[in-house]
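So the structure is just underneath, and the comments pick up after that.
These numbers were taken from a predicted model, which means no experiment stands behind them. Naming: A, B, ... by sequence-line order, numbering from 1 per chain.
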There are 2 protein chains.
Amino acid sequence: MLDAIARLRRFNRAVTREVGALDQSYLGRGRPLGAARVLQLITPQGTDIAEIRAKLALDSGLLSRLLRTLEAEALIQLASDPADRRCRTAHLTPAGQTEMAAYEAIGYARAAETLARAGKQPQALIDAMDLIATTLLRDQTEIRDADPNDCAALACLQSYYDLLVEKIQGITPGMLTLPLADAQNYRPPHGAFLIAWSDDLPVGTVSLRPLDATTAEVKRLWVDRSARGQGIARRLMHAIESRAKSLGYAHLKLDTNAALTEAITLYRTCGWSDIPAYTSDPATHWLGKTL
Amino acid sequence: MLDAIARLRRFNRAVTREVGALDQSYLGRGRPLGAARVLQLITPQGTDIAEIRAKLALDSGLLSRLLRTLEAEALIQLASDPADRRCRTAHLTPAGQTEMAAYEAIGYARAAETLARAGKQPQALIDAMDLIATTLLRDQTEIRDADPNDCAALACLQSYYDLLVEKIQGITPGMLTLPLADAQNYRPPHGAFLIAWSDDLPVGTVSLRPLDATTAEVKRLWVDRSARGQGIARRLMHAIESRAKSLGYAHLKLDTNAALTEAITLYRTCGWSDIPAYTSDPATHWLGKTL
DNA sequence: CAAAATGCTTGACTAAGGTCAGGAAAAATA
DNA sequence: TATTTTTCCTGACCTTAGTCAAGCATTTTG
């Protein structure tokens with residue numbers, strides 16, 4: 001009775017109540033849940049209705065009708081996509097933005113309330129939620145390109161730096177600055193900056209910069225604590241290697257530090273092998289791979 | 001964008017999907033969700049329909065109809081409560097028990113599936129779920145009497161022993177045996193054994209045994225790691241003190257070890273003060289309180 | 001260019017959940 | 001004992017969600 005599954009089911013019950021309560025409060029704005037959910041997916045810049053349908057798994061007839069009620073309330077405008085006039089796009093009107101902000105406020109308030117219940121340790125609660133969300137969203141984790149100066153990219157780098165400071169003797173926060181001075185190196189056509197997303201949370205990153213015409217360097221592999229053990233680091237390495245290949249590189253290098261043991265193990269199982277030192281100081285290990 | 005509230009809302013989205021999927025699989029038994037939920041609240045011994053209505057927050061008319069469909073399927077039997085013939089009680093028939101077991105199996109299977117997704121660290125996932133469930137169910141935590149040989153009681157004691165072994169030098173698992181040799185001391189009319197429940201998970205315990213006609217001893221205060229910081233220990237102490245009072249005791253004593261710092265702090269803030277040693281060995285602190 | 005496929009809308013229909021007023025039986029209260 | 005209250009049932013009715021087939025405009029394919 002105290003086994004893992006009983007505990008998990010208790011979690012399910014607790015969370016069902018919570019989610020149900022959130023739905024109830026959305027109802028407070030005098031609109032059925034279906035319409036409210038659709039409205040919350042529409043951006044001021046416009047959202048393809050096919051995208052809404054896919055996200056909410058709605059029947060096309062049903063969605064069509066929900067959109068029409070929102071349009072009748074003057075919350076959204078529907079327009080044909082100029083590129084393909086069969087497709088339609090929904091835009092938020094100013095009134096729609098106001099309404100949407102009201103829903104945001106409800107969600108925000110309820111979240112704050114939940115957080116308040118955590119008492120003295122909200123961080124522990126958030127960590128637990130991150131772990132669960134990442135686990136449940138595991139199959140949805142996707143790797144996408146980013147610009148090294150994006151705010152998500154900077155957040156990843158900051159977390160990576162925090163890790164280095166924590167793990168490697170002799171590295172202090174002052175030695176690491178953001179944004180990257182050589183950001184240009186991590187952009188196409190010679191470099192890349194990849195982020196692994198779980199829902200709208202960046203949970204991992206890796207990047208690539210040119211060393212010479214045929215050699216590139218893999219830099220800053222990081223996976224968030226809550227997302228480890230799910231093969232994300234390996235997926236990032238595969239992604240960056242195939243990207244390097246498609247950018248025309250034949251050789252890859254990287255440097256790392258003995259304190260990052262899991263990373264070193266990962267590199268080796270990905271087919272990387274030791275090479276002579278080509279950088280200094282915090283680096284203690286140097287690996288290479290030919291594509 | 002990476003603040004606590006954004007993360008919490010991501011958690012909400014992840015978990016909504018999961019709960020929705022569970023509902024979908026309940027649908028697999030060819031019965032609408034409402035009826036399935038009602039069925040799962042009915043015990044073979046019989047459940048008052050007022051209780052079901054309260055738990056699911058259903059309209060009496062609606063519940064009446066749901067019960068009738070279950071009765072028509074021969075899954076339940078309805079009978080008037082002999083004590084108050086206005087009230088009715090629902091009993092599971094053998095067919096109903098079979099059907100209920102099928103729902104249990106579905107929930108169990110889905111839970112096992114989720115657990116499998118945790119990869120190499122299922123324990124971390126369960127710990128996270130416990131923390132969240134306990135936090136969300138905080139207001140529902142209730143303290144009830146138990147028998148010291150109940151399986152929940154034994155589980156609490158085992159966890160308490162594990163804590164002692166971990167915290168106190170010189171205590172080894174072999175020194176602590178279950179069930180308690182003097183279980184009788186913790187039963188009415190001279191003793192008590194209280195358990196704090198969060199949903200169906202025991203998250204804390206405390207017990208009381210007689211020392212002499214006017215003095216009792218408080219023993220084995222424990223709160224699960226996932227439930228700390230919510231005042232449960234304090235509630236347990238209040239409960240056991242008022243129980244001692246109603247059992248006619250005038251004085252309370254307890255012994256504890258210096259390693260259990262939070263407990264000692266709690267005792268002092270509950271109005272306990274140092275008294276002369278009255279036990280030996282692992283005990284290093286002795287406190288008392290006059291009611 | 002004709003045929004097929006795609007994206008969406010419309011209307012007809014169903015199931016499920018939920019509300020409400022009224023009423024019967026039983027219990028509590030005056 | 002008469003009145004009020006409680007508990008539940010019944011029937012009428014409504015809203016929401018969801019399915020399905022037909023149809024229109026547009027794009028893609030052969």
Side-chain angles (χ1 to χ4, degrees), chain A residues 16-17 19-42 46-73 76-91, chain B residues 16-17 19-42 46-73 76-91:
Chain A
T16 302
R17 271 172 42 113
V19 167
L22 182 59
D23 283 353
Q24 284 299 108
S25 50
Y26 280 149
L27 245 37
R29 295 206 62 79
R31 193 170 290 112
L33 264 182
R37 273 200 259 267
V38 169
L39 183 62
Q40 291 184 66
L41 284 183
I42 301 174
T47 309
D48 287 349
I49 79 168
E51 194 181 315
I52 301 174
R53 218 171 36 229
K55 278 202 185 163
L56 298 181
L58 287 177
D59 175 80
S60 64
L62 182 51
L63 177 59
S64 183
R65 233 158 305 160
L66 290 174
L67 287 172
R68 210 141 35 73
T69 67
L70 291 174
E71 199 179 22
E73 289 185 85
I76 63 170
Q77 275 190 326
L78 293 166
S80 291
D81 181 340
D84 180 343
R85 299 216 315 286
R86 288 172 307 181
C87 305
R88 301 189 75 192
T89 311
H91 296 259
Chain B
T16 302
R17 272 174 40 115
V19 167
L22 181 59
D23 283 352
Q24 285 300 108
S25 49
Y26 280 148
L27 246 35
R29 296 204 62 77
R31 193 170 290 111
L33 263 182
R37 272 200 260 268
V38 169
L39 183 63
Q40 291 185 67
L41 284 183
I42 301 175
T47 309
D48 285 349
I49 77 169
E51 193 183 330
I52 301 174
R53 219 171 36 229
K55 276 201 185 163
L56 297 180
L58 287 178
D59 174 81
S60 67
L62 182 51
L63 177 59
S64 183
R65 231 160 307 155
L66 291 173
L67 288 173
R68 191 147 315 288
T69 67
L70 291 174
E71 197 179 22
E73 290 184 85
I76 63 169
Q77 274 189 328
L78 292 166
S80 291
D81 182 339
D84 180 343
R85 300 219 311 287
R86 289 171 306 182
C87 304
R88 300 188 75 190
T89 311
H91 296 258

Spacing between B:I49 atom CD1 and D:dT7 atom C1', to the nearest angstrom: 8 Å
Throw together a table of side-chain donor-acceptor distances under 3.5 angstrom for residues 54-64 of chain B, partners on residues two or more places apart or in other chains.
| unit_1 | atom_1 | unit_2 | atom_2 | d |
| --- | --- | --- | --- | --- |
| B:D59 | OD2 | B:G61 | N | 2.8 |
| B:D59 | OD2 | B:L62 | N | 3.2 |

A:L56 CG to D:dT16 C1', straight-line distance once rounded to whole Å: 15 Å
Residues that A:R68 engages under side-chain hydrogen bond (donor to acceptor under 3.5 Å, both in side chains), provided they are two or more places apart: none
Solution key, residues 25-36 of chain B side-chain donor-acceptor pairs under 3.5 Å, sequence neighbours excluded:
| unit_1 | atom_1 | unit_2 | atom_2 | d |
| --- | --- | --- | --- | --- |
| B:S25 | OG | B:A21 | O | 3.4 |
| B:S25 | OG | B:L22 | O | 2.8 |
| B:R29 | NE | B:E99 | OE2 | 2.6 |
| B:R29 | NH2 | B:E99 | OE1 | 3.2 |
| B:R29 | NH2 | B:E99 | OE2 | 3.3 |
| B:R31 | NE | B:E73 | OE2 | 3.1 |
| B:R31 | NH1 | B:E99 | OE2 | 2.9 |
| B:R31 | NH1 | B:Y103 | OH | 2.9 |
| B:R31 | NH2 | B:E73 | OE1 | 2.8 |

OP1 or OP2 of D:dT16 under 4.0 Å from side-chain N/O of A:R31: no
Those residues that, when tested against A:E71, pass salt bridge (Lys or Arg N to Asp or Glu O under 4.0 Å) (two or more places apart): none
Residue-phosphate contact under 4.0 Å: A:R53 side-chain N/O, C:dC8 OP1/OP2: yes
A:T47 and A:L41, any side-chain heavy atoms less than 4.5 Å apart: no
With the criterion being N/O to N/O and under 3.5 Å, what pairs connect the protein with nucleotides 26-30 of chain C, and how long is each?
| unit_1 | atom_1 | unit_2 | atom_2 | d |
| --- | --- | --- | --- | --- |
| C:dA26 | OP1 | B:R85 | NH2 | 3.3 |
| C:dA27 | OP1 | B:R85 | N | 3.1 |

Positions of residues 21-30 of chain B (non-hydrogen atom under 4.0 Å from DNA chain C), listed by number: none
Which residues share a side-chain hydrogen bond (donor to acceptor under 3.5 Å, both in side chains) with A:R86, sequence neighbours left out: A:D84
Inter-residue atom distance A:I76.CD1 - A:T69.OG1, 0.5 Å rounding: 7.5 Å
Whichever of A:C87 and A:R68 has its nearest DNA chain C nucleotide further upstream toward 5': A:C87
side-chain hydrogen bond (donor to acceptor under 3.5 Å, both in side chains) involving A:R85 - partner list, sequence neighbours excluded: none
For atom CG of A:L63 and atom P of C:dT9, their distance in whole Å: 7 Å
Partners meeting side chain to side chain contact (heavy atoms under 4.5 Å, CB included) with B:R65 (sequence neighbours left out): none
Protein proximity profile, nucleotides 17-23 of chain D - base contact B, sugar-phosphate-only contact S, no contact -, cut-off 4.0 Å on heavy atoms: SBBB---
side-chain hydrogen bond (donor to acceptor under 3.5 Å, both in side chains) involving B:T16 - partner list, sequence neighbours excluded: none
Gap between atoms CG and P, on A:L70 and D:dT16 respectively (whole Å): 13 Å
Salt bridge (Lys or Arg N to Asp or Glu O under 4.0 Å) against A:D23, all qualifying residues, sequence neighbours excluded: A:R37
